[in-house]
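Read the structure below first, then the notes.
Just so it is clear: chains get the letters A, B, ... in the order the sequence lines come, proteins before strands, and each one is counted from 1.
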Amino acid sequence: MWRIHWFLVALALLAACAAAPTFDSSGVDSALTPQRVAAQLQDARGKRVLWGGVILAITNLSERTDVEVLAYPLDADNRPRRDDDPLGRFIIELAGYLEPASYSEGRLVTVAGTVSRAVPGKIGASDYAYPVVAAQQLYLWPRDSGYDGTSVHFGIGVGIGF
Amino acid sequence: MGMRDFTHLRAIAGLLTGLLLGACASNIPPQIRKAPADNPAVDEVLGDTTGYVSRRVRWGGVILETDNRANTTWVTLLALPLSTSGKPNISDDSPGRFIAEVPVFLDPKVYSKDRRLTVTGTVSGSETRKVGEFPYSYPVVNVEYYYLWPVEPQLPPRYRDAWWYDPWWYDPWWYDPWYPYRYPYRY
């Protein structure tokens with residue numbers, strides 16, 4: 001009898017923890033950063049990557065959507081760590097429509113996919129080669145920087161019954 | 001005599017209940033608070049707007065753009081999931097975009113970007129507009145009732161949770177032994 005109750009309590013506690021998504025990281029070379037890919041694209045083409053960062057811009061094209069991202073190292077949950085040094089820019093390429101009002105500038109994303117090519121771009125007057133990742137899995141991290149892995153809280157309430 | 005006292009008490013209790021209920025009353029139209037019996041979702045209608053013409057809907061979301069026409073106002077919205085009372089919940093799973101055609105003038109400074117709006121009315125058709133280069137087919141709703149939700153103060157995330165407590169919190173000004181004089185250090 002009591003055992004069942006404790007089981008329920010444990011279940012409720014676990015449910016209160018925020019769940020991070022799981023990414024398919026098989027065959028991912030974590031040393032392959034956007035900067036390194038931009039420098040030597042020939043070796044990187046077709047490689048699987050798990051990258052994430054801050055959205056800088058989103059472009060809706062007639063049949064696909066391009067998302068420009070400033071990459072950051074990922075934490076244990078594969079969430080970009082904005083406090084670390086950035087790792088360069090890249091472009092996520094996704095077939096179909098992606099809502100720019102949701103995937104807006106400043107939001108955090110993590111993507112699993114393959115490096116397909118590099119597109120030349122300009123940042124100010126500088127030439128910049130953007131590695132392009134064909135997205136297989138894309139995750140938009142919830143808003144708010146008030147993120148802590150476990151958010152379990154206890155409260156005491158007073159009620160009055162009639 | 002005892003009976004009379006009780007009726008008196010009951011009258012007071014009734015009055016109190018009335019006052020309490022009165023405090024909860026809102027100016028949200030009942031047509032907004034209650035969804036129509038058959039309320040097709042935005043993403044259902046998006047694919048096949050012509051099949052849903054003249055169907056009643058209660059939809060809501062955040063305003064993307066307010067366009068004042070000669071006699072009407074066209075409000076472009078990013079739809080959001082609604083609570084049972086019709087209030088849009090801020091979230092990332094938007095079912096899509098739609099246009100609310102409101103038959104009155106709405107001030108674009110009031111009905112401004114990111115404000116929450118819920119409307120009821122009937123689907124009147126669709127309008128294709130470009131989002132970037134993507135031709136987006138927006139369902140258009142002929143609005144009968146609408147409600148602009150009040151702005152909620154946005155607190156920093158840590159204060160949003162009433163039970164949030166930072167064990168490392170330390171404020172050097174919490175106790176200032178030199179008050180009302182300045183600290184004896186230069187900084």
hydrophobic_cluster_shared for A/Tyr103 and A/Trp141, side chain cutoff 4.5 Å:
no
Group every Ile, Leu, Val, Met, Phe, Trp and Tyr by side-chain heavy-atom contacts under 4.5 Å, then state whether A/Leu70 and A/Val115 land in the same group.
no
Any side-chain heavy atom of [X] within less than 4.5 Å of one from [Y]?
X	Y	answer
A/Asn60	B/Glu133	no
A/Ser102	B/Asp93	no
A/Arg143	B/Asp92	yes

Which atoms of A/Thr59 approach chain B - backbone, side chain, both or neither, heavy atom under 4.5 Å:
neither
Residue A/Arg107 versus chain B: region with a heavy atom under 4.5 Å
side chain
Using a 6.0 Å cut-off, check whether atom [atom1] of [X] has over 12 heavy atoms from anything other than its own residue.
X	atom1	answer
B/Asp38	CG	yes
A/Lys122	NZ	yes
A/Gln137	CD	yes
B/Tyr145	OH	no

Compare every heavy atom of A/Pro100 with every heavy atom of B/Arg97, then report the nearest pair and how far apart it is.
NH2-CG, 3.5 Å
Straight-line distance of A/Arg64 CZ to B/Phe134 CZ, nearest 0.5 Å
13.5 Å
